[in-house]
Number of protein chains: 2
Amino acid sequence: MLQHHCKDCQIKSAAAKNLNTEEFDILESNSAQVIFKKGENIFKEGALSLNVAYLRTGIVKVHMHGPTREKILRIVKAPSYLGIPITFGDKINQYSATAIEDTSVCFIDSNYFRNFIYSNGKFAYEIIVELCKNELKDYHRYTSQSQKQIPGLVAETLLCISETIYNNSRFNFPLTRNEFGDMVGTSRESVSRVLSELSNEKIIEINGKEITILKKDTLEKISKNG
Amino acid sequence: MLQHHCKDCQIKSAAAKNLNTEEFDILESNSAQVIFKKGENIFKEGALSLNVAYLRTGIVKVHMHGPTREKILRIVKAPSYLGIPITFGDKINQYSATAIEDTSVCFIDSNYFRNFIYSNGKFAYEIIVELCKNELKDYHRYTSQSQKQIPGLVAETLLCISETIYNNSRFNFPLTRNEFGDMVGTSRESVSRVLSELSNEKIIEINGKEITILKKDTLEKISKNG
DNA sequence: ACCCAAATGTGATATAAATCACATAAGTTG
DNA sequence: CAACTTATGTGATTTATATCACATTTGGGT
């Protein structure tokens, strides 16, 4: 647990911006900041959920066991809450979170978090907005994944990672081929093949983990046409 | 718009149970109850969202346009809010809702709904709980759908409709084969074939729209094994 | 009750993707 | 740095499912 001063935190959530001095004091005494290295587990499916996790910096994969393999539900970039649903939707975590880059997470005692919802309407409203926005994004991904073919899904994922996570056409792809498959619901071999093909056609460039999107418009076309 | 008295409503949401007399008056003056017949559209993707819809009675499908066809995101049984995310996640509806049984829906002016969140913490908390529970359910379905094969998905869907919507092993299946396909992400032909096979093997019985689950344990095994 | 449109069932064929198999490359750890 | 384990690329084969085609059936509307 690191020294932390919630009131002066420069990376407040939209919800936390509505807390008053007294509430920040409560937050500070009932939360703990923890650093996770790449690959470390932040919370685990099946465990009791006693805290709300707030991802302050870093990138995380949210994942759960599926019928045949692990499923990566979403990639979350800080700042964002991580699994409010596992705290208020069920006593037991229904999914896991694992750092895919070095990450700092604030764990907030869920009783106090709940009290903020009870007592601070603007805080509650911002939490609701975040949950709602996530649901909409999930539904779009959900729909894509059940209808597009693999090349479309791979293209969509590359664009998404490039645009929403790294804001850059060149980036270190944070997942293994296997995890990429777990994310779009296919095998590592199929991902490999599609990436090779995109590379051969000079639509992307691959250097180990580093991927560069060379022809964004073509990739968007592939993504759109499924 | 029907006469309605929110305070005396017997089908209050978990959130609305926390409203006081004054708030019920506000709710009553800023909401309208509307009846929808089977097949009628309740709200439509692309339209501006100015109301929160509360499904008071009936059954509804929530759906959106996908890359190649319509996608049924979930089947919702009353009582439940219908698309809080389209109200607070985006100005424009990202998905549609259509009655699949006769249905009554209360439309609540979203400004007043927002005010309840601001001023009534227990109301806000129950909304958050509902959003969270839905997210967890969605993630499980999401994961199934990206990993199970068609027979598993058909079995899962039959069990889900039987258990969570009708609480009965015999029920009128509320979707066409095409819609069933839109729901699990497959073609109507594949759905037909799987249903025929389940019927041939006496695991279910089909009489037009009426489906009876004869061997629930076998169906569960098929669902589990994908 | 009749007509027409929509929904359904089922066989034949095509195809995307899984799986299997193996070689190679990259990381990890003692 | 050597020995592993893990990750990756790619060909060959198999398989589940989409698609196409067409015959029935069902159900709503006048």
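The chains referred to below are lettered A, B, ... by the order of the sequence lines, with proteins before strands, and numbering in each begins at 1. Just so it is clear, the model here is predicted, and its values are computed rather than measured.
Of the candidate nucleotides C:dT10, D:dG9, D:dA18, D:dA18 has the atom lying nearest to any side-chain atom of B:T186. Distance from the side chain of B:R177 is smallest for C:dG9 among the nucleotides D:dA16, C:dA17, C:dG9. Relative to the side chain of B:R188, the nucleotides C:dT10, D:dT17, D:dT10 differ in distance, and C:dT10 lies closest. Between C:dG9, C:dA17, D:dT17, one nucleotide has an atom nearer to the side chain of B:S192 than all others, and that is C:dG9. Closest to the side chain of A:E189, from the set D:dT17, C:dC20, C:dT10, is C:dC20.
Atom CD of B:E210 and atom C1' of D:dT26 are 16 Å apart (whole Å). Straight-line distance from the CD atom of B:Q147 to the P atom of D:dA16: 17 Å, rounded to whole Å. Distance A:Q149 CD to C:dT15 P: 12 Å, rounded to the nearest Å. Rounded to whole angstrom, the span from the NZ atom of A:K148 across to the P atom of C:dA17 amounts to 13 Å. A straight line from CZ of A:F180 to P of D:dG9 spans 11 Å, rounded to a whole angstrom. Nucleotide D:dT8 holds its P atom 9 Å from the CD atom of A:E179, rounded to whole Å. Put simply, CD on A:E197 is 14 Å from C1' on D:dG11, counting in whole angstrom units. The distance between atom CG of A:N172 and atom C1' of C:dG27, rounded to the nearest whole Å, is 15 Å.
Nucleic acid contact class of B:S187 (heavy atoms, under 4.0 Å, all strands): base. Using a 4.0 Å heavy-atom criterion, one finds that A:K209 contacts the sugar-phosphate atoms exclusively.
The environment of OH in B:Y112 is sparse: at most 12 heavy-atom neighbours from other residues, nucleotides or ligands sit within 6.0 Å.
Between A:T176 and D:dT6 there is no side-chain N or O to OP1 or OP2 distance below 4.0 Å.
Between A:Y142 and A:Y139, the two ring planes are parallel [angle under 30°; tilted spans 30° to 60°]. A tilted orientation is assigned to the rings of B:Y81 and B:Y54, their planes being inclined by 30° to 60°.
Residues A:K44 and A:T98 have side chains that never bring a donor and an acceptor to within less than 3.5 angstrom of each other.
By the 4.0 Å N-to-carboxylate-O rule, B:E163 lies close enough to B:K216 to be salt-bridged with it.
Under 3.5 Å, the side chain of A:R193 and the base of C:dT19 form at least one donor-acceptor pair of N or O atoms.
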